[in-house]
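FYI, the numbering just counts along the sequence from 1.
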Amino acid sequence: TSSDGGAFLLREVMDRSGIFERLERQLQDDRDPLRVRHSLTSQLRTLIIQHAQGWDDLSDTQLLSEDPVFQLACSDQRSTTPLAQQRPSQPTLSRLLNLLAQGDNLSVLHDRLLDLAMWRLSSMRGGKPLPSITLDVDGLPIETFGSQAGTDYNRYVGYTHYSPLVASIAETGDMVGGLLREGNSGNAAQADQWIPGLVERIRQTTGAQVRVRFDSGFTGDPTLSALDAANIPFVGRIASNAVLEREAQHYLKRPVGRAPAKPREWCHEFYYKAESWEQHRRIVLVVSERPDDLFLHHFFLVTSLDNNDWRAREVLNLYRKRGKAEGHMGELKDTLNVHLSSTCRGASTVQQVMGRNQVNLLLDLYAYQLMHSVRVLMEHITYQGWSLRKVREQILKVAATVAVHARCVRVHIGQAGNKWWPELLRHLSWLHQSPT
C-alpha cells in the first residue's frame, strides 16, 4: 500500500514526452559498468517523482525504500522485477548530483528541460509548436541555511540566499530554463549571455518568434545591447529618473473635461538615451488617473518592438501579462519547496557546490513541468482553474494498493481517486506522444 499513486501518472507523462530516452542517450556516465546497479535515468526518475510528490529531501529516499509504487514508477524494468530490486540509496543519489554537474551533463539537462517545456506547449496541439513565444525572465531568490558556498546575505529580501535566474512563459505557465547564480549577483548578472543563448535554442527547436519581457533590473546596457545584437525584441519596465521625469512633464496633463468616476489610462511615446546606453530607445509613458487622487500616476516602459506593428497600448497590454509569471514562480517555490542544500563536503570547491545546487534547481523545474502537464490536462477536462497544490492533493497524493498474482501487477486506486482519475485516464491520449 502507498499514499503516492500519482507517481504512475507522472511516469506516464515522462514516457509520453520522450525526454528521458534522450537523457539516457546523451548523459555521460563514467561509472564502472560492472558495478552499476541503478541507471542514470532510473535515479533521475526517483528524484523528480519524489520532488513532485512532496518528498523533497534525499533522506526521504530511505523512508520510501520499500514503497511498491515508487519501485514500479521509477524503474527501467517492467512486470514484477522492480518489486524485487532495491531502490537507490541516499548516498547513491548524492553521487548522482556530482555526476550530473560534471562535463557536458549540465548542458544536456538544460537542453532537455527546454525540450520538455516545448513538448508540453505542443502536446495538446497535435505536436504543432506555438508560432510566437514571450519569454519572461526574472530573479528567484531562494533562501539558504547552513554553509552553502556561494550564498550571501541580501538586505532587500532579508535573508541569506542564492539568486538564480528563471525563464518562464507567463501566458502558459511553463518553465523553460534556470540559471543558478551566487547570492551577491546583481539583478542582470550573466543575463546578457544566458538569455540570447536560451532564445536561440528555442528558435532552433521550434522556429517560433521569441520576445523577452522583464522588469527594471534588466534594463542596463549590457542586457539590452545583447538582445539588440541577437535581434531579440524586448519590453521591460524602466526605473524613473530626473531626465525621464522632465521628458514626461509635458504629457502629465489631464484631458479636457470633467474627470470620470472610473479610473482611466493613456499612453505617450518618446525616445530617450540613458547615460549607460549606446543608443536612443523607444520609451512608452503610461499615465493613469484614479478617482479622488490629486496627482496622476505614471511609469515607463522601454521596448524594441516596432511601433508600426506594436502601438503603445499594445506594448502595455503585453507587458502586463508578465504578472502571471510571478504567480507561477511563487507556485514553484511554495508547492515544490525549492531549497538548495548541497554544502562543502570534504574538499568540495565553490564551483562543485554550485554545480550540485544547479542540478537541484533543474530537477525542481523538471518536477514542476510534469505537474504542470497534469494541471493543464485537468483544466481542459474540467473547464476550471487548477493550482499545483490542488493537483498534488487531489490527484497525485492518492492511495494505491499493489497486488501481484501470477507475475501480473494490479494497482487499485483508493476511493478518493474516483472523483478525477477515471476522466483523467480517459483523456491521457490528449498528451501528444513524442517520437524518441
Side-chain angles (χ1 to χ4, degrees), residues 132 134-141 154-158 166 168-171 186-188 191 195 211-225 227-228 232-330:
S132 64
T134 301
L135 198 65
D136 294 276
V137 178
D138 206 349
L140 184 72
N154 185 295
R155 287 188 292 179
Y156 179 75
V157 298
V166 174
S168 63
I169 304 173
E171 290 83 350
N187 289 338
I195 298 176
R211 299 178 292 268
V212 176
R213 187 167 47 196
F214 42 73
D215 64 12
S216 58
F218 298 86
T219 53
D221 188 70
T223 303
L224 300 187
S225 294
L227 295 178
D228 285 334
I232 302 172
F234 61 83
V235 58
R237 186 159 179 167
I238 182 173
S240 179
N241 58 51
V243 177
L244 280 174
E245 291 297 332
R246 285 198 301 268
E247 292 280 354
Q249 283 304 313
H250 177 69
Y251 304 103
L252 298 180
K253 298 177 182 178
R254 287 183 170 86
V256 177
R258 185 185 297 273
K262 297 181 180 179
R264 58 180 174 178
E265 190 175 62
W266 57 93
C267 301
H268 298 283
E269 295 185 44
F270 56 89
Y271 282 83
Y272 160 77
K273 180 182 179 302
E275 290 185 1
S276 61
W277 292 355
E278 295 181 349
Q279 62 185 30
H280 285 78
R281 302 186 187 278
R282 181 188 177 193
I283 303 295
V284 175
L285 167 66
V286 182
V287 186
S288 60
E289 179 186 34
R290 304 170 188 170
D292 302 325
D293 277 6
L294 182 60
F295 299 102
L296 298 174
H297 301 267
H298 64 282
F299 61 91
F300 304 91
L301 302 176
V302 58
T303 182
S304 63
L305 293 169
D306 190 288
N307 53 10
N308 293 322
D309 300 326
W310 291 85
R311 298 182 181 274
R313 173 62 63 177
E314 294 171 331
V315 172
L316 173 61
N317 292 339
L318 176 66
Y319 176 76
R320 281 195 165 143
K321 294 178 182 178
R322 180 182 170 274
K324 294 182 179 179
E326 296 180 349
H328 293 309
M329 288 195 293

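Atom-to-atom distance recorded for Tyr319:OH and Thr303:OG1 is 12.0 Å, nearest 0.5 angstrom. Rounding to the nearest 0.5 Å places NE2 of His268 at 8.0 Å from NE2 of His250. Separation of atoms CD (Glu278) and OG (Ser225) is listed at 4.0 Å; rounding is to 0.5 Å. Distance check: Leu285 CG to Glu245 CD gives 8.5 Å after rounding to the nearest 0.5 Å. For the atom pair CG (Leu140) and CD (Glu326), the distance works out to 10.5 Å, reported to the nearest 0.5 Å. Atoms SG and NE2, on Cys267 and His298 in that order, are 13.0 Å from each other to the nearest 0.5 Å.
Classified by interplanar angle (parallel below 30°, tilted 30° to 60°, perpendicular above 60°), the ring pair Phe214/Phe218 is tilted.
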Run the side chain to side chain contact (heavy atoms under 4.5 Å, CB included) test on Asn241 and Tyr272 for me, step by step, so that the C-alpha distance in whole Å, both residues' side-chain angles and the decisive distance to 0.1 Å come before the verdict. CA-CA 12 Å; Asn241 58 51; Tyr272 160 77; 3.1 Å; yes
Let's go through Leu305 and Glu314 carefully: what are the C-alpha distance in whole Å and the side-chain angles of both, what is the deciding distance for side chain to side chain contact (heavy atoms under 4.5 Å, CB included) to 0.1 Å, and is it a yes or a no? CA-CA 10 Å; Leu305 293 169; Glu314 294 171 331; over 6 Å; no
Run the salt bridge (Lys or Arg N to Asp or Glu O under 4.0 Å) check on Glu171 and Lys324 step by step: do they pass? CA-CA 7 Å; Glu171 290 83 350; Lys324 294 182 179 179; over 6 Å; no
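Seen from the ring of Phe299, Arg237 counts as a face-on cation partner, given the 6.0 Å and 45° thresholds.
Leu301 and Leu316 make their closest contact through CD1-CA, 4.0 Å (heavy atoms, listed as atom of the first residue, atom of the second, distance). Nearest approach of Ala239 to Leu244, heavy atoms of both residues: O-CD1, 3.6 Å. Minimum heavy-atom separation, Trp277 to Val302: CH2-CG2, 3.8 Å. Closest non-hydrogen pair, Trp310 versus Arg282, comes out as O-NH2, 2.8 Å. Minimum interatomic distance between Asn187 and Gly217 (heavy atoms only, all atoms of both residues): CB-O, 3.6 Å. Minimum heavy-atom separation, Ser276 to Asp221: O-CB, 2.9 Å.
Counted within 6.0 Å of NZ on Lys321, heavy atoms from surrounding residues, nucleotides or ligands total 12 or fewer; the atom is thus considered open. Other residues, nucleotides and ligands place no more than 12 heavy atoms under 6.0 Å from the CD atom of Glu275.
The backbone N or O of Ala325 lies less than 3.5 Å from no partner atom in the side chain of Asp136, so there is not a single donor-acceptor pair. Side-chain N or O atoms of Thr134 include none that pairs as donor or acceptor with a backbone N or O of Arg211 at under 3.5 Å. Between the side chain of Thr223 and the backbone N or O of Gly220, no donor-acceptor pair lies under 3.5 Å.
Ion pairing between a basic and an acidic side chain is recognised when a charged N comes within 4.0 Å of a carboxylate O; Arg311 and Glu269 show no such pairing. One finds a salt bridge joining Arg320 and Glu265 here, because a Lys/Arg side-chain nitrogen approaches an Asp/Glu carboxylate oxygen to under 4.0 Å. Looking at Asp215 and Arg322, a side-chain N of the basic residue comes within less than 4.0 Å of a carboxylate O on the acidic one, giving a salt bridge.
In this structure, the side chains of Asp228 and Arg281 come closer than 4.5 Å at one or more pairs of heavy atoms.
Among Lys262, Arg254, His297, the one residue that satisfies the side-chain hydrogen bond (donor to acceptor under 3.5 Å, both in side chains) test with Glu289 is Arg254.
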